[in-house]
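Notes for the one structure printed next.
This one's a predicted model, so the numbers in the text were calculated from it and none came from an experiment.
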Protein chains: 2
Amino acid sequence: MPTMQDVAKKAGVSLSTVSHALSGKRPISEETRQRIQQAIEELNYHPNELARRLANQQSRIIGMIFPRLANNLTVMQLEFVMGAIEAADQHGYSLLFSPSPMDDNDLTNFARGGLVQGLILMEIRLDDPRCEVLSKQGFPYVMIGRTSNPDGISYADLDFVHATSSAVSYLVENGHQKIAYIDYAPFLVESGYGPAIRSLEGYRQTVNKYELPEISLACNPTSLAGYEVVKKLLYDHPDVTAIITLNDNAIAGMYQATQEAGLHIPDNFSYIAIISSRRAEMFMPTLTTMDFPANEMGQAGVELLIQRLENEDARPIHKLFEAKLTMRQSSGPASKL
Amino acid sequence: MPTMQDVAKKAGVSLSTVSHALSGKRPISEETRQRIQQAIEELNYHPNELARRLANQQSRIIGMIFPRLANNLTVMQLEFVMGAIEAADQHGYSLLFSPSPMDDNDLTNFARGGLVQGLILMEIRLDDPRCEVLSKQGFPYVMIGRTSNPDGISYADLDFVHATSSAVSYLVENGHQKIAYIDYAPFLVESGYGPAIRSLEGYRQTVNKYELPEISLACNPTSLAGYEVVKKLLYDHPDVTAIITLNDNAIAGMYQATQEAGLHIPDNFSYIAIISSRRAEMFMPTLTTMDFPANEMGQAGVELLIQRLENEDARPIHKLFEAKLTMRQSSGPASKL
DNA sequence: CTGTTAGCGCATTCAT
DNA sequence: ATGAATGCGCTAACAG
C-alpha cells in the first residue's frame, strides 16, 4: 500500500503539501496540485483511514448494540438499522455493530476503546442497566426507545400511549364497545419493556375513559402464540369486536384464529395493527394499520447522536414519533372478503 | 482520556513495560504488574483501539454491504446479518455496515481505505459488478450467494437447485401432478439474481424429469402481489395442487388466495415454503417448509473471510448449504383446518 | 504557496 | 525483567 509519503516523493513535494492538497485546508498552486493528483493516480493511492482518524482524534464510527435474536426479531428492527445506516452514511459516519449480550464490562470497553465515538441503544427497558453504565462514564449515547427517567439523554421513541389510545378512540367512534389489546410477550411486559408497558397504559386509560371493559393479554412473538391467545380471547369474551396489537410476529396467527371463529374483517370484526408500513405489505388481508415509522426513528437516532457529538453542549432532545392511522383495508383484495 | 504514557508515569515504569504487561508478550515481574494494574484502575485507563490497530496494521473490522431496502427486505436478511455479527464477535472482529447504493468508486474507497480488512457481499447477482472491482483490486472478500463464475472467491450459498428440486420430488412422491413454482420479483429474475435463476432451474429440471407441466410465475415481494399471482394461477390452472416458493414476503397473500378458492391445506392443496425457520414461525397455518439456514450462512460468510484474512494463501472455499424439509404442519393448530 | 517538525497512542526492536 | 527509540500513516501548528 502506497502511503502519503510515497505520493509526496513521486510528486516532488513535501508530505504536508500532499496532506493539504487532499484536505483543501490551505491553498495549493494549480501546478503542484496537478502533479500530486497524477502521483496519486499512478500509485493508486488511498489515504489510510485508521491513521487519519487517529490523527484527527475521532473515529467517525457510531456503535450500535444489536438486539438479541431470541426476543424480538422483526422487520421493524431491520428498518431501524437500515434507517440508521443510511443516516450515518449521509453524515460521513459509519455504523459498527456489536451483539447484545454484553455485561457492564464489555460495554465499558466497547465504549471507551475509542473505536466508537458514541452509541445507539435499541430495545431499551424502563430501567436499562446499560444506560446507567454509560451515563456514569459520561459516554455519548442515544436511545431508540427510552428509560423511565431519560432526562439527560436524547432519544427517539414512538408515542406508544398515544398510539394505542388513538386506536381505541378510532374504534369507539366506529361503534366498537368491546375492544381487546394484545400486548408483547409476557416476559417483556414483566421485565419492564417500555413499549409493552406504555402501549398497555394508553389502551387502559382510553377504554376507562369511555367506560369500556379492559381486556388485555400478553402474547409471545410467534404465530402459534397469537393463534392461541386469540382463540382464548374469543372464547372468554365472545362479544369482542376489535383487537389492537403491536405484536408483529403473532399477527398472522391472531388473524387465523379470528377467521376460524367465523368472524369477518371488516364486516363484523376489526383489527388495528401498529406496525411499519413495509411490514404491513406482508399481510393479507391488508389490515387497518397505524404506521410505525421505524426507518425514521433509526435515522433520528443517528442524527441526535451526531448532534450531541458535534456540539458538546447541545441539550438532550426527546423526539416522540406518532403512529398515523392508515386505512389499508380500503384498497386491495381485502374488500372481497 | 488517559494514555498508556500516563499509566507508565503513574506506575513509575516505562511505556513499553506497560504495553507488554497488557499484551503479555514478554515476562513482567509480579510486582511491577501489580503497580501497573493499579495505575490502570486508578486512571480508569482503556487502550485506544484506533492507535492499537494502526500500530498493528490491522483494523480487525469487516465491512458488510447492506442490501437495498427497496428490493428484498426480509427477516432472512436480518438473520444473515445477525449470524455474521455473532461470528465476527467470536473471532474478535467487528462488522461495519455501509449502505448498498455504491458506485465502483465508493466501493474502491471503502475497500482501500484500510478501515475494513475485508468485505462481505450480500445479494449477489450472477454478473455482479462489485465482484469485478474487488477482484481486480485484489481485495479480500467473500460472497453470501455467488456469481456465475466464482472460482477464485469463497462463498456461502444455498443450493437453490437442490432446494426446489427436492421440493418437487417430495410433492411428487406425495401424489401431486400439477406443481407450480412462484419465483422472486420479475426484475430480480430479469436482472440475473442467482437465487431466482437457480431455484427456477431446479424446479424446471425436476418437473421435466417427471414429465409434469411446468408452471412458474414471478411475483413481487408483497402480499398483494402474492394474492394476485395465485389468483391468476388458480384461474389459469385450476388443477394445480401444490405451490413451491421462496418468496417470503408474498406468502401471506398467496395463502389467502388459496383459501378464497376454497382449497384446504393440507387436505387438497400443499405449499412448500423455503424460508428460515424463524420466519416460518410467523405463518399460520404453519406451512410445510424447507429451512433456509440464513443465520448459519451469515456466520459462514464471516468465517470464510477471516480464514482468508489470516491465512494469506488459503484457497477459496465454496460452501453450499442445503435446505432441510421440515414438516411444520404436523404440529400445532394447522391440523384443525 | 511550501517545507519542517512534532504529535495522535500504541507496538516492537534493540539495547541493557 | 526493563527502558529508549523508532515507526504505523496522517494532521496541523510553526516557520519560511
Could you tell me which residues satisfy side chain to side chain donor-acceptor pair (under 3.5 Å) with B:Arg125, sequence neighbours excluded, listed by chain and number?
none
Is the closest side-chain heavy-atom distance between B:Leu15 and B:Met4 below 4.5 Å?
yes
Sorted by number, the residues of residues 107-118 of chain B with heavy-atom contact under 4.0 Å to DNA chain C:
none
Please tabulate, for the side chains in residues 57-64 of chain B, all donor-acceptor contacts under 3.5 angstrom to protein atoms that are two or more places apart in sequence or on a different chain.
{"unit_1": "B:Ser59", "atom_1": "OG", "unit_2": "B:Ile61", "atom_2": "N", "d": "3.1"}
{"unit_1": "B:Ser59", "atom_1": "OG", "unit_2": "B:Leu115", "atom_2": "O", "d": "2.6"}
{"unit_1": "B:Arg60", "atom_1": "NE", "unit_2": "B:Gly92", "atom_2": "O", "d": "3.1"}
{"unit_1": "B:Arg60", "atom_1": "NH2", "unit_2": "B:His91", "atom_2": "O", "d": "3.0"}

Integer-rounded Å distance: D:dT2 C1' and B:Arg35 CZ:
11 Å
Donor-acceptor pairs under 3.5 angstrom involving side-chain atoms of residues 300-309 of chain B: please list them, not counting sequence neighbours.
none

Close residues, residues 5-15 of chain B, relative to DNA chain D [heavy-atom separation under 4.0 Å]
B:Gly12, B:Val13, B:Ser14
Quick one: how far along DNA chain C does chain A reach, first to last nucleotide 5' to 3', anything under 4.0 Å to a heavy atom?
C:dC1 to C:dG9
The correct set of residues in residues 51-63 of chain A placing a heavy atom under 4.0 Å from DNA chain C is A:Leu54, A:Ala55, A:Gln57
Which residues share a ring pair (Phe, Tyr, Trp, His ring centres under 6.0 Å) with A:Tyr155, sequence neighbours left out:
A:His318
Regarding B:Glu132 and B:Lys136, does a basic nitrogen lie under 4.0 Å from an acidic carboxylate oxygen?
no
Pairwise ring-ring contact (aromatic ring centres under 6.0 Å, His included) hits with a residue in residues 13-61 of chain B, at least two apart
none
Residues in residues 24-32 of chain A with a heavy atom under 4.0 Å of DNA chain D, by number, are A:Lys25, A:Arg26
Non-neighbouring partners of A:Lys10 that pass salt bridge (charged side-chain N to carboxylate O under 4.0 Å, His left out), sequence neighbours left out:
A:Glu42
For the helix from C:dC1-D:dG16 to C:dT16-D:dA1, what angle separates the axis at the start from the axis at the finish, each from five pairs, in steps of 10°?
40°
